[in-house]
Amino acid sequence: MTTLTFLLCFLLLVHPSSSSSSSSPYLYPSTFSMNYNKMLTSFKIFIYPTIQRIIFFSPSASIFYESLFNSAFITQEPEEADLFFVVFSPEISSRSQARLVRELRTKYPYWNRTLGADHFFISPEGIDFSSDRNALELKKNSVQVSVFPTVSGKFIPHKDISLSPVSKSSLVLSHAPVNMDRSCLGYLKWDGKTEAELVEELRLDSEFVVETEPLDQLGRVKSSKFCLFFYEAESTLDLTAAMAVGCVPVVIVDRPVQDFPLMDVLRWSEMALLIGNRRGGQGLKAVLSGVPEDRYERMRGVCVAAAHHMVWNAEPQAYDAFHMVMYQLWMRRHTIRYTRREEF
């Protein structure tokens, strides 16, 4: 899909007179476009000086990091900044994190103003809690940017941000045909080892397709109503690609998911189903078969519209994954001034 075509479709989605709230992918469709444009024109970030650029082995973290450094959001004047970017290696220890924060609070005046609440950092796997006051402030106050899914306990929903996965698939993003024949109930790309018992149940059911190959074969995906993903990094890599062709994602997980990409922008309740592994193959099938057709069609349309916001480009484009992460950071620019403790 060309950029122009996408923008036209985008305008139809966010315009109040042409799209009901039930068909919009956005939590706040009436204000999204206006706020996005404000972000583009006013948002500024100051990056603390570092000795060298950091290498991130996570594709999404690497693309976001490089895109940010080359963007117009960066300012050399910290007094102009809305947020401050703390740069450190993903392999850094909690002791080194604490030392870095101590250096920031003594060398610069910005950390102490909010105890780090107007700061953010990239940690693909997320950082853990620490007994050290400085590292704890980083964990509890600063915005963490991590990959999806983030290890349980390392993601704080009200402030942290997760990055959309970079798909290994070569699927081209385009709107799925309205009248596509969805002859298969569910599609699962299996890694050959995860939850083998459930997978074997699905293999024996003619309404499911289980493959170990990448999602490059569009026929299987486009002909499936639902695409199944286990809640783990390797399984969810093709989440965006599936959504782009109208295959509604089903995340197999036994607890609530609070770290979906763009969680505070997109209506994930209208785009994905969460089904516990304990239900087994028959229980999973019963849930999927019980989704009313009108709800399924609505979910499929929302998925296709939302997928464009989860695509990473080598050169950032309007409304893509990079700009949507920046939008989430922009929404966090109003910080809380925490009560300071005297002890260090």
Side-chain angles (χ1 to χ4, degrees), residues 25 27 125-126 128 146-158 160-165 167 182 184-212 215 220-221 223-243 245-300 302-303 306-307 310:
L27 289 171
E125 297 183 358
D128 218 333
S146 57
V147 301
F148 173 77
T150 306
V151 177
S152 177
K154 292 189 176 182
F155 188 90
I156 302 177
H158 76 271
D160 292 343
I161 294 171
S162 66
L163 301 172
S164 307
S167 178
R182 305 276 169 172
C184 178
L185 181 61
Y187 175 95
L188 171 65
K189 189 192 76 170
W190 190 43
D191 60 8
K193 50 189 177 184
T194 306
E195 304 294 349
E197 184 176 341
L198 173 62
V199 173
E200 287 306 315
E201 285 189 63
L202 298 180
R203 280 186 186 276
L204 297 175
D205 194 315
S206 60
E207 293 195 63
F208 290 88
V209 173
V210 178
E211 293 183 342
T212 56
L215 289 185
R220 293 288 196 181
V221 181
S223 63
S224 300
K225 295 184 67 173
F226 299 95
C227 282
L228 281 54
F229 300 93
F230 290 105
Y231 182 66
E232 57 181 30
E234 188 64 28
S235 177
T236 56
L237 285 177
D238 291 315
L239 178 70
T240 304
M243 292 170 60
V245 294
C247 193
V248 175
V250 175
V251 181
I252 301 173
V253 59
D254 289 312
R255 61 181 178 80
V257 175
Q258 298 179 304
D259 65 328
F260 274 122
L262 306 178
M263 192 75 174
D264 48 3
V265 178
L266 299 178
R267 302 170 65 228
W268 278 100
S269 61
E270 291 297 321
M271 296 193 298
L273 297 175
L274 305 183
I275 299 180
N277 180 54
R278 298 188 185 95
R279 287 180 177 269
Q282 290 304 307
L284 186 150
K285 180 178 180 179
V287 173
L288 300 187
S289 300
V291 176
E293 194 62 26
D294 59 340
R295 185 191 177 197
Y296 169 75
E297 286 300 325
R298 184 170 64 251
M299 294 180 75
R300 188 180 69 82
V302 172
C303 280
M310 298 169 60

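Being a predicted model, the structure only gives us computed values, none of them experimental. In what follows, residues are counted from 1 in the order of the sequence shown.
For residues 245-296, the set of pairs meeting the disulfide (SG to SG under 2.5 Å) definition, not counting sequence neighbours, comprises Cys227-Cys247. The side chain to side chain donor-acceptor pair (under 3.5 Å) pairs that include a residue from residues 247-264 are Tyr231-Asp259, Asp264-Arg332, where partners are two or more places apart or lie in different chains. Annotation: side chain to side chain donor-acceptor pair (under 3.5 Å) contacts involving residues 147-157, sequence neighbours excluded, comprise Ser146-Thr150.
Separating the CD atom in Glu270 from the CG atom in Leu27 is a distance of 10.5 Å, to the nearest 0.5 Å. Taken from CG in Leu185 to OG in Ser223, the straight-line distance is 11.5 Å, to the nearest 0.5 Å. Taking CG from Leu198 and CD from Gln282, the interatomic distance works out to 10.5 Å, rounded to the nearest 0.5 Å. Put simply, CG on Leu163 and CE on Met310 are 11.0 Å apart, with the number rounded to the nearest 0.5 Å.
Closest approach of Pro249 to Phe229, counting heavy atoms only: CB-CE1, 4.0 Å. Nearest heavy atom pair, residue Thr236 against residue Pro165, reads O-CG, 3.4 Å. Between Leu202 and Phe208 the shortest heavy-atom distance is O-CB, 3.6 Å. In terms of heavy-atom proximity, Leu188 sits nearest to Leu228 at CD1-O, 3.3 Å. The two residues Phe230 and Ser235 make their nearest non-hydrogen contact at N-OG, 2.8 Å. What you find for Phe260 and Leu274 is that their closest heavy atoms are CZ-CD2, 3.8 Å.
Counting heavy atoms from C-beta outward, Val221 and Asp238 have side chains that stay 4.5 Å or more apart.
Listed by chain and residue number, Tyr296 satisfy the ring-ring contact (aromatic ring centres under 6.0 Å, His included) test with Phe226 (two or more places apart in sequence, or in another chain). When the salt bridge (Lys or Arg N to Asp or Glu O under 4.0 Å) test is applied to Arg295, no partner is found at least two apart in sequence or on another chain. Met271 is linked by a side-chain contact (heavy atoms from CB on, under 4.5 Å) to Met243, Leu266, Trp268, Val302, Cys303, Ala306, counting only residues two or more places apart in sequence or in another chain. Scored by the salt bridge (Lys or Arg N to Asp or Glu O under 4.0 Å) test, Glu232 finds no partners at all (sequence neighbours excluded). Legend: residues meeting side chain to side chain donor-acceptor pair (under 3.5 Å) with Lys285, ordered by chain and number and at least two apart, are Asp205, Glu207. For the side chain to side chain donor-acceptor pair (under 3.5 Å) test, no residue two or more places apart in sequence or in another chain qualifies with Arg279. Looking at residues two or more places apart in sequence or on another chain, you find a salt bridge (Lys or Arg N to Asp or Glu O under 4.0 Å) between Glu293 and Lys225.
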- Task: Tell me, with the steps shown, if Val287 and Val250 meet side-chain contact (heavy atoms from CB on, under 4.5 Å).
- Result: CA-CA 10 Å; Val287 173; Val250 175; over 6 Å; no
- Test Leu288 against Ile275 for side-chain contact (heavy atoms from CB on, under 4.5 Å), laying out the working first. CA-CA 9 Å; Leu288 300 187; Ile275 299 180; 3.7 Å; yes
- Any chance you could lay out the side-chain contact (heavy atoms from CB on, under 4.5 Å) test for Val257 and Phe148, step after step, and finish with the verdict? CA-CA 10 Å; Val257 175; Phe148 173 77; 4.2 Å; yes
- Query: What's the verdict on side-chain contact (heavy atoms from CB on, under 4.5 Å) for Arg203 and Val199, showing C-alpha distance, side-chain angles and the deciding distance?
  - Reply: CA-CA 6 Å; Arg203 280 186 186 276; Val199 173; 4.0 Å; yes
